[in-house]
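Numbering of ligands and ligand atoms starts at 1, following listing order. Position 1 is the first residue of the sequence; numbering continues from there.
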Amino acid sequence: MTASTVDAPEFTELTTIELFKEAMKFSAGHFTIFSKDRRERLHGHNFAVQVSITGELDDNGMMGDYGEFKRIAFDLCRSLDEWTLLPGRSPYLTLREDGPYVFAEFAGETIPFLRSDVQVLPLRNITVEELARHLCHRLVDEGKILAVAPIHRLEVKVSSGPGQLGAAGWRRGA
Ligand SMILES: Nc1nc2c(c(=O)[nH]1)N=C([C@H](O)[C@H](O)COP(=O)(O)OP(=O)(O)OP(=O)(O)O)CN2
């Protein structure tokens, strides 16, 4: 790369920090809904999370202290750890609260849960791709990560097991 390209006014040099610490994980129960009348049984995964942060370096050659990014990512994972996750925006499943219970109505069946065991997420399904979207939205909406540095892009990956993951991204001004 010549000096001229670096100095070109339209040139914004971006660098990326990748975080995939072993502690960036959460254990959760869920079931994937495949259609109006087909779903999996309730089961669980140890979901693993990866976060990719792309932005501009400061004069000190840093894009913020990635310790800050890690703390934010760990808090995000902890918020979903050891819950049964239900989709609040499924086209096929409806949820009804009754006292200490949440009833999920699906394909003519009623599935009972204790309210204290479940988190209802604003998602259409509890899939790796929807979970990646959810975590990416929370990183942006909760704003803390954007306060650390001039970030241009975020990508969150959620894996339900080795060799399979879903990813979602955010880009400034898109
Ligand atoms: N597009 C998606 N399809 C499926 C998802 C998903 O999140 N997005 N999730 C599932 C189920 O959660 C299922 O439990 C995962 O299926 P499976 O591949 O069996 O998971 P394993 O960890 O058991 O992997 P193995 O290949 O069986 O070892 C299904 N579809």
Novice: Just distances here: any N/O of Ile126 and N/O of ligand 1 closer than 3.5 Å?
Specialist: no
Novice: Do Val49 and Lys157 come within less than 4.5 Å of each other through their side chains, counting heavy atoms only?
Specialist: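 When only atoms from C-beta onward are counted, Lys157 and Val49 do not touch, as no gap falls below 4.5 Å.
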Novice: Can you pull out the closest protein heavy atom to atom 11 (C) of ligand 1? Residue, atom name and distance to 0.1 Å, please.
Specialist: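 The protein heavy atom lying closest is Glu40 OE2, 2.9 Å.
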Novice: Given the protein's heavy atoms, is any one of them under 4.0 Å from atom 23 (O) of ligand 1?
Specialist: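 Given the 4.0 Å limit, the answer for atom 23 (O) of ligand 1 is no, no protein heavy atom qualifies.
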Novice: With backbone taken as N, CA, C and O and side chain as the heavy atoms from C-beta onward, which portion of Thr32 lies under 4.0 Å from ligand 1: side chain, backbone, both, or neither?
Specialist: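 Side chain only; the backbone of Thr32 stays clear of ligand 1.
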Novice: Take atom CZ in Phe20; do more than 12 heavy atoms of anything else shown fall under 6.0 Å from it?
Specialist: no
Novice: Going by the atom numbers of ligand 1, which of them fall below 4.0 Å from some non-hydrogen atom of Glu129?
Specialist: 1 (N), 2 (C), 6 (C), 7 (O), 8 (N)
Novice: Is atom 3 (N) of ligand 1 in close reach of the protein, with a heavy atom under 4.0 Å away?
Specialist: no
Novice: Apply side-chain hydrogen bond (donor to acceptor under 3.5 Å, both in side chains) to the pair Asn46 and Ser27, showing each step before the final yes or no.
Specialist: CA-CA 4 Å; Asn46 293 320; Ser27 303; 2.6 Å; yes
Novice: Starting from atom 25 (P) of ligand 1, what is the nearest protein heavy atom, named by residue and atom, and what distance separates them?
Specialist: Gln164 OE1, 4.8 Å
Novice: Can you report which non-hydrogen protein atom sits closest to atom 14 (O) of ligand 1, along with the distance?
Specialist: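 Nearest neighbour among protein heavy atoms for atom 14 (O) of ligand 1, to 0.1 Å: His43 NE2, 2.8 Å.
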Novice: Using modelled atom types and a 3.5 Å cut-off, is there a donor and acceptor pairing between side-chain atoms of Arg172 and backbone atoms of Ile151?
Specialist: yes
Novice: Atom OH of residue position Tyr101 - does it have more than 12 heavy atoms of other residues, nucleotides or ligands inside 6.0 Å?
Specialist: no
Novice: Are any non-hydrogen side-chain atoms of His30 and Phe47 less than 4.5 angstrom apart?
Specialist: yes
Novice: May I ask you to identify the nearest protein heavy atom to atom 30 (N) of ligand 1, giving residue, atom name and distance to one decimal place in Å?
Specialist: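 Going atom by atom, the protein heavy atom closest to atom 30 (N) of ligand 1 ends up being Phe34 CE2, 3.9 Å.
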Novice: Hey, is atom 28 (O) of ligand 1 touched by any protein heavy atom at less than 4.0 Å?
Specialist: no
Novice: How far is atom 7 (O) of ligand 1 from its nearest protein heavy atom, and which residue and atom is that?
Specialist: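 I find the closest protein heavy atom is Val128 N, 2.8 Å.
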Novice: Check Asp81 with Arg78, please: is the shortest side-chain N to carboxylate O separation under 4.0 Å?
Specialist: no
Novice: For the residue pair Arg71 and Phe74, would you count it as a cation-pi contact if the rule is NZ or CZ under 6.0 angstrom from the ring centre and within 45 degrees of the ring axis?
Specialist: no
Novice: Any protein heavy atom at under 4.0 Å, with atom 19 (O) of ligand 1 as the reference point?
Specialist: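 Neighbour list for atom 19 (O) of ligand 1 is empty of protein heavy atoms (cut-off 4.0 Å).
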Novice: Using a strict cut-off of less than 4.0 Å between a Lys/Arg side-chain nitrogen and an Asp/Glu carboxylate oxygen, indicate whether Arg39 and Glu109 qualify as a salt bridge.
Specialist: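 Answer for the salt bridge query: yes.
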Novice: Does His30 have a non-hydrogen atom less than 4.0 Å from ligand 1?
Specialist: yes
